[in-house]
Amino acid sequence: MKQKLSRHAALKFQYKFDCICEACCDNWPTYLSLRPGKIPSVLRYRSSDLIGPETIERLQKGDKMFAYKQFKPLCELAEDLEPYAPCKELADCQEALKQCLAILEGTVPYGYSQVVEWKAIPPKV
Ligand SMILES: [Zn+2]
């Protein structure tokens, strides 16, 4: 309960709204207290392969080609891990995706076959 109150208070302070997302309402653990999920072994294998130390290291170095290559498999892994949320594997996968997007900065594979220049898309009014 204390975790839920502090999460709500932190979000309220930072973003000025009362969050009613699934994680807040169901009091999901925050990242540092997340544990490995009870996921099928095939997903565990893909997770350790895709979001292992080498991936983190290369993304932290800003390897653009690596980020481009990993983006699609990471998206697919995130979708496959979603039913097992909350779990550390999904959080790590989402973090790797965030790093990919930061590295690609406007250029991401869209629909897995087409490159979209985000900056070229006019903002929705
Ligand atoms: Zn929330």
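Ligands are counted one by one from 1 in listed order, and the atoms in each one are counted from 1 as well.
- Side-chain N or O atoms of E89 include one that pairs as donor or acceptor with a backbone N or O of G37 at under 3.5 Å.
- Counting only protein N, O or S atoms, 3 lie closer than 2.8 Å to the Zn ion (ligand 1).
- Side-chain atoms of S33 never come within 3.5 Å of backbone atoms of P29 as a donor-acceptor pair (strictly under, hydrogens ignored).
- Under the 4.5 Å side-chain criterion, counting only non-hydrogen atoms from C-beta, I103 is not in contact with D63.
- Not one N or O on the side chain of H8 forms a donor-acceptor pair closer than 3.5 Å with the backbone of C24.
- Without hydrogens or angle criteria, K72 side chain to K69 main chain gives no donor-acceptor distance under 3.5 Å.
- Geometrically, K64 does not engage Y68 in a cation-pi contact, judged by NZ or CZ lying under 6.0 Å from the ring centre and within 45° of the ring axis.
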